[in-house]
2 protein chains.
Amino acid sequence: MNDGAKNERVRLSAEDWEDGALALIAEQGVGAVAVEALARRLGVTKGSFYWHFRTREALLQAALERWEEYGEREVLAEIERIPDPRKRLPELFRRVAHEMQPHRVYAALLKALDHPQVIPVMSRVSQRRIDFLTRMYTEAGLEPVVALHRARLTYAAYVGFLQLNFTLGLPRISHDEFDAYVEHMIATLTPAKSND
Amino acid sequence: MNDGAKNERVRLSAEDWEDGALALIAEQGVGAVAVEALARRLGVTKGSFYWHFRTREALLQAALERWEEYGEREVLAEIERIPDPRKRLPELFRRVAHEMQPHRVYAALLKALDHPQVIPVMSRVSQRRIDFLTRMYTEAGLEPVVALHRARLTYAAYVGFLQLNFTLGLPRISHDEFDAYVEHMIATLTPAKSND
DNA sequence: ACCGTTACATACTCGGCCGTATGGTTGTCG
DNA sequence: CGACAACCATACGGCCGAGTATGTAACGGT
């Protein structure tokens, strides 16, 4: 079917531009998504771009929606397959902690919350994730109200961690120390095994 | 002495421009700090600006350093005067939770971490605050390593909260619910009173 | 009263980036 | 093999914001 070779002189599709935009966002932030720059990056010129998209805004919109679509999904589904509800959250934390790539886009979008286009996207994504955490905490035995607060706290810690660590480069934490930090998080934020 | 009337046609000083820049940052973000816009806001023109500063970058630099200088200071000092170490952190949390103004600049700067000038400033400020938290946790009875992790977690939660709540406007949390959230944070992150 | 310094106005240049216009090339299908 | 559509290049117009050049008004000291 559609062979997806992305190198050499093949004609581009709208999706190629969207992927390119997302790559640029991950590397240099939303502000770096300029038409001519992206065109050079893809080995073509503006003329091509304005055939696929009416405006730069349209590209950003499409790219963001594409990212929102293709986000999480697998991870959360796998977590829900774990039978013991109390083992889900620790597993989720460890899983999330050891993938770096998906976070780069999210972190870049956090830095770009002045651009009005990204706000609704980030709102929806964050809200869904907090809802998911709330469910997990509830099923792990917390009262509904407590679960909601704990979910917010957890997700805030996640967001803040992203900012502090690879946006700011706070003293390059070592790999072992990072693992210890994750375990500390689990111990602090996760309901203890013996509890009700 | 120096009458500080900021209205009407008085001559401006460099500090006035810096304060104006900080106000603009708090309201519309770092990107909104444009020379001509700021000049209009102050009732003058560019001509004035380029007398006080060599470049726009210089203004930003000065404004950021001014903010870094005039930051926290009183709050942290007051906290340290509380005799019982275990009562300090809860008090700090409640204090911080009920001031909104100082956070606006910090939140705006979080959204502006693509601008290379703000990164070192934010790094220093964040690092100092984490160090402070680490000391507080240690004095409250935590092991040094645990205290460091807990401090990072706490500060990450703070940063994340800012992003999620008045950068994104996640479902406008009510005042009462917010207080409950803060108490939940204290209960979760603060060493229990009976413990060692 | 004068004069230099401080503070500001006005009018320009210049570069970056968006968007448009138009013409050329590469496919593919009857 | 011609024709129509998909895809791209080149060239241009225009806005916006930074920075420069230069002239001018207020002030403070002597």
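The sequence lines fix the lettering, A, B, ..., with proteins before strands; numbering per chain opens at 1. All values reported here derive from a predicted model rather than from experimental measurement.
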[atom1] of [X] versus [atom2] of [N]: gap in Å, rounded?
X         : N       : atom1 : atom2 : answer
Phe53(A)  : dA6(D)  : CZ    : P     : 16 Å
Tyr50(B)  : dT22(D) : OH    : P     : 17 Å
Glu36(A)  : dA9(D)  : CD    : P     : 13 Å
Phe49(B)  : dT10(C) : CZ    : P     : 18 Å
Arg54(B)  : dA18(D) : CZ    : P     : 15 Å
Glu15(B)  : dT6(C)  : CD    : P     : 15 Å
Gln117(B) : dA18(D) : CD    : C1'   : 14 Å
Gln28(B)  : dG17(D) : CD    : P     : 12 Å

For atom CD of Glu57(B), is the number of surrounding heavy atoms from other residues, nucleotides or ligands below 6.0 Å larger than 12?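 It does not: Glu57(B) CD has 12 such atoms or fewer within range.
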Nearest-nucleotide wise, let me know which of Val44(B) and Val35(A) is further upstream toward the 5' end of DNA chain C.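 It is Val44(B) whose nearest nucleotide is closer to the 5' end.
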Closest-nucleotide mapping onto DNA chain C: is Gly47(A) or Val33(A) further toward the 5' terminus? I mean the 5' end.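 On the 5' side of the pair lies Val33(A).
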Considering only side-chain heavy atoms of [X], which listed nucleotide, [options], is closest?
X        : options                  : answer
His52(B) : dA9(D), dC18(C), dC8(C)  : dC8(C)
Arg11(A) : dC8(C), dC8(D), dA18(D)  : dC8(D)
Trp51(B) : dC8(D), dT6(C), dG17(D)  : dT6(C)
Lys46(B) : dA9(C), dA11(C), dT20(C) : dA11(C)
Arg56(A) : dC8(D), dT10(C), dC18(C) : dC18(C)

Tell me whether the OP1 or OP2 atom of dA7(C) has a side-chain N or O from Ser48(B) closer than 4.0 Å.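 It does not, given that no N or O in the side chain of Ser48(B) lies less than 4.0 Å from OP1 or OP2 of dA7(C).
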Examine Val105(A) and Leu60(A) and state if one hydrophobic cluster contains both, with Ile, Leu, Val, Met, Phe, Trp and Tyr joined whenever side-chain heavy atoms are less than 4.5 Å apart.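 Cluster IDs for Val105(A) and Leu60(A) match.
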Side-chain donor-acceptor contact under 3.5 Å, His103(B) with Tyr158(B):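 A donor-acceptor contact under 3.5 Å links the two side chains.
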Where does the angle between the aromatic ring planes of Phe161(A) and Tyr181(A) fall among parallel (under 30°), tilted (30 to 60°) and perpendicular (over 60°)?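 Ring orientation, 0 to 90° scale: parallel.
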Nearest heavy atoms of Ser126(B) and Tyr106(B), plus distance in Å: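 Scanning both residues, the minimum pair turns out to be OG-OH, 3.1 Å.
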